[in-house]
Amino acid sequence: MMIPCPYCGDRDVSEFRYGGDATKQRPQHGTGDLKTWHDYYFLFDNPKGPHTEYWQHVLGCRRWFKLARNTATNEIGGVVS
Amino acid sequence: MSKHYSALALARHALDPDLPWPRAWEKPTPKSSYDVVIVGGGGHGLATAYYLAKNHGITNVAVIERNYIGSGNVGRNTTLIRSNYMMGGNTAFFEHSLKLWEGLSHDLNFNCMVSQRGQIVLAVSPVQMDVFARRGNIMRLNGIDAELLDPGEVRKLLPYLDWSKDARWPIHGAIMQPRAGTVRHDAVAWGYARAASALGVHIIENCEVTGFVIDDGKVSGVETSQGRINAGKVGIAVAGHTSHVAKMAGLRLPIESHILQAFVTEPIKPIVDHVVSWGAELFYLSQSDKGGLVFGAHIDGFNTYTQRGQFNRIQTVAECAVSLMPFISRLRLLRHWGGIQDMTPDGSPFICRTEVKNLYLNGGWCYQGFKATPASGWTFSHTIANDQEHELVRDFGLDRFEKGRELDEFGLGNWTYKQ
């Protein structure tokens with residue numbers, strides 16, 4: 001699988017580190033009860049289909065970015081700004 | 001026509017080729033209603049149905065499988081069984097599983113080819129030997145077999161490893177579980193299916209569950225590609241796709257689906273007599289009855305439902321194999337394949353009730369689904385029959401994260417596989 005780094009271009013997946021679901025909203029500091037933080041940290045939609053996620057080009061420019069990928073096919077939808 | 005498998009039956013069929021072997025399991029038309037419906041006809045689902053009938057006398061059961069029996073993870077693993085765990089919630093559960101494996105072929109009247117060839121985990125540093133000594137002591141205190149081996153003892157058992165002075169990872173010893181080994185995984189699926197069917201369980205293949213019928217927080221059936229099937233209770237056992245299926249019941253779970261690859265080389269003469277695991281990297285191997293070396297390794301590292309692995313994992317596995325056993329450097333990989341597994345924050349599974357009444361969850365098996373199959377079925381069937389978790393799975397609840405009772409076998413913290 002090739003990942004399009006926004007700075008370096010298409011590079012092999014082995015150069016990247018996966019950072020998880022990028023659509024989660026972190027609760028504001030000092031707000032929310034235990035359940036809010038539990039759900040934020042532990043629960044995932046884990047969809048079979050379109051997914052927006054974080055990747056880091058850890059063996060390259062080390063940039064973090066958001067990527068659209070289909071988890072059912074690994075088809076890359078491109079970088080999400 | 002003989003339904004019981006035996007040497008006599010084999011002889012009778014050999015002498016009379018016109019005598020047909022009966023179907024191993026029936027192909028019934030789904031009824032409109034069952035006492036219990038199990039979603040997922042993998043090893044865990046079939047074992048659950050079998051023990052529901054055998055241990056709890058509940059035979060009005062349907063196992064609904066989207067594909068055919070044996071098509072999923074039960075046929076995509078590296079066939080390992082072991083119980084070298086040390087956390088309180090794990091030890092008794094996995095040891096119970098190993099004990100069930102030991103008697104499974106007789107219990108099911110199906111040769112599962114259980115081979116207790118022993119698992120040897122190699123230490124590549126003195127510190128790792130200390131860690132293994134601790135693990136071994138905890139195992140023995142729990143009545144599980146474990147032996148610490150010094151380098152000389154390991155060399156006697158595994159003379160084919162790289163014992164040269166310039167080995168990249170010199171071997172400092174090992175921990176061995178003699179009762180660990182391998183099982184023919186297809187036979188497990190077929191054996192449980194046949195034994196469950198003989199007790200009256202309906203196994204419905206090529207039927208996809210497309211939804212749950214839920215009223216007032218209580219499940220009363222499933223929608224399938226062959227129509228609605230009513231059920232008193234419903235169990236989900238679809239690890240790999242647990243999030244996908246549970247979402248239809250409105251559940252959001254602490255699970256991500258990841259791919260784990262396995263590999264087999266071209267066949268060679270018998271050389272690897274044990275299951276050998278490496279302390280330097282997550283890598284292990286055994287030799288199949290056909291002669292191929294079977295390699296297992298780490299997950300690819302990002303969530304996916306595709307059963308296609310990435311090339312960089314193949315490269316890592318080849319590097320591990322050659323580093324451990326340089327003489328196989330010219331051996332060719334014959335096949336590699338991927339299975340989708342539920343990864344959980346602490347690497348431990350779920351067998352529990354859910355927030356939907358009469359809906360029960362079995363999933364989150366991470367790397368350890370196959371070896372758990374018998375105990376998983378044993379305890380999940382108890383949980384469904386009694387609407388109460390079996391004592392062996394009291395730590396496998398969905399609520400363990402909010403209660404601070406994570407079952408972190410390796411003491412590494414949450415989501416370590418993503419780091």
Side-chain angles (χ1 to χ4, degrees), chain A residues 1-5 10-27 32-60 62 64-80, chain B residues 66 238-248 250-259 298-316 319 338 340-346 348 350 355 363-364 398-406 413-415 417-419:
Chain A
M1 188 165 74
M2 302 294 276
I3 306 265
C5 171
D10 280 351
R11 307 292 297 180
D12 188 74
V13 63
S14 60
E15 295 183 9
F16 294 83
R17 166 193 184 179
Y18 175 65
D21 189 342
T23 62
K24 284 183 163 195
Q25 291 294 320
R26 185 185 173 92
D33 55 7
L34 192 63
K35 187 177 182 315
T36 307
W37 284 94
H38 167 273
D39 291 358
Y40 164 70
Y41 187 70
F42 289 110
L43 303 188
F44 286 83
D45 289 334
N46 190 23
K48 184 175 186 175
H51 194 233
T52 304
E53 58 207 19
Y54 287 114
W55 287 85
Q56 186 192 13
H57 194 187
V58 69
L59 297 182
R62 298 193 64 80
W64 280 97
F65 57 94
K66 289 185 193 176
L67 185 74
R69 180 179 59 98
N70 188 318
T71 62
T73 60
N74 280 352
E75 189 187 353
I76 305 284
V79 173
V80 179
Chain B
R66 178 182 66 161
V238 295
H241 276 69
T242 304
S243 298
H244 184 66
V245 171
K247 189 183 174 190
M248 299 175 199
L251 302 175
R252 193 162 171 254
L253 301 173
I255 289 174
E256 271 194 347
S257 296
H258 283 250
I259 180 171
H298 211 302
I299 52 177
D300 281 14
F302 58 92
N303 63 336
T304 182
Y305 287 89
T306 66
Q307 290 174 321
R308 296 190 306 274
Q310 298 298 316
F311 184 79
N312 57 314
R313 182 57 59 196
I314 307 175
Q315 185 177 0
T316 305
E319 286 167 357
I340 305 305
Q341 55 184 15
D342 295 347
M343 292 303 292
T344 64
D346 56 359
S348 292
F350 305 111
E355 62 194 49
L398 274 168
D399 59 354
R400 64 177 182 262
F401 304 104
E402 60 187 76
K403 291 190 173 165
R405 289 204 324 258
E406 284 146 307
N414 285 309
W415 306 119
Y417 57 86
K418 282 202 245 179
Q419 291 166 13

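Proteins get letters first, then strands, A, B, ... in listed order; numbering begins at 1 in each.
Atom CG in A:Leu43 sits 10.5 Å away from atom CG in B:Leu251 (nearest 0.5 Å). Distance CE/A:Met1 to OG1/B:Thr304: 7.5 Å, rounded to 0.5 Å. Distance CG/A:Asp45 to CD1/B:Ile255: 12.5 Å, rounded to 0.5 Å.
Applying a 4.5 Å heavy-atom cutoff, the residues of residues 238-248 of chain B that approach chain A are B:His241, B:Ser243, B:His244.
Residues B:Pro345 and A:Phe42 share a closest heavy-atom pair of CG-CD2, 3.6 Å.
Your options are A:His51, A:Glu53, A:Arg69, and the one with the most heavy-atom pairs under 4.5 Å with chain B is A:Arg69.
For the residue pair B:Asp300 / A:Tyr18, no side-chain donor-acceptor distance below 3.5 Å is found, with atom types taken as modelled. Side-chain contact of B:Ser257 with A:Asn46: a donor-acceptor pair under 3.5 Å is present, judged by distance alone.
Only the side chain of A:Leu34 comes within contact range of chain B, judged by heavy atoms closer than 4.5 Å. Using a 4.5 Å cut-off between heavy atoms, A:Tyr41 contacts chain B through both its backbone and its side chain.
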> Does the pair B:Asn303 and A:Phe44 meet the rule for a side chain to side chain contact (heavy atoms under 4.5 Å, CB included), with working shown?
Replying inline: CA-CA 11 Å; B:Asn303 63 336; A:Phe44 286 83; over 6 Å; no
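In this structure, the side chains of A:Asn74 and B:Gln310 come closer than 4.5 Å at one or more pairs of heavy atoms. Using a 4.5 Å heavy-atom threshold, the side chains of A:Trp55 and B:Phe302 count as touching.
Judged as a side chain to side chain contact (heavy atoms under 4.5 Å, CB included), and not counting sequence neighbours, the contacts of A:Pro27 are A:Thr31, A:Thr36, A:Trp37, A:Tyr40.
Open room surrounds CD on A:Glu75; 12 or fewer heavy atoms of other groups in view lie less than 6.0 Å from it.
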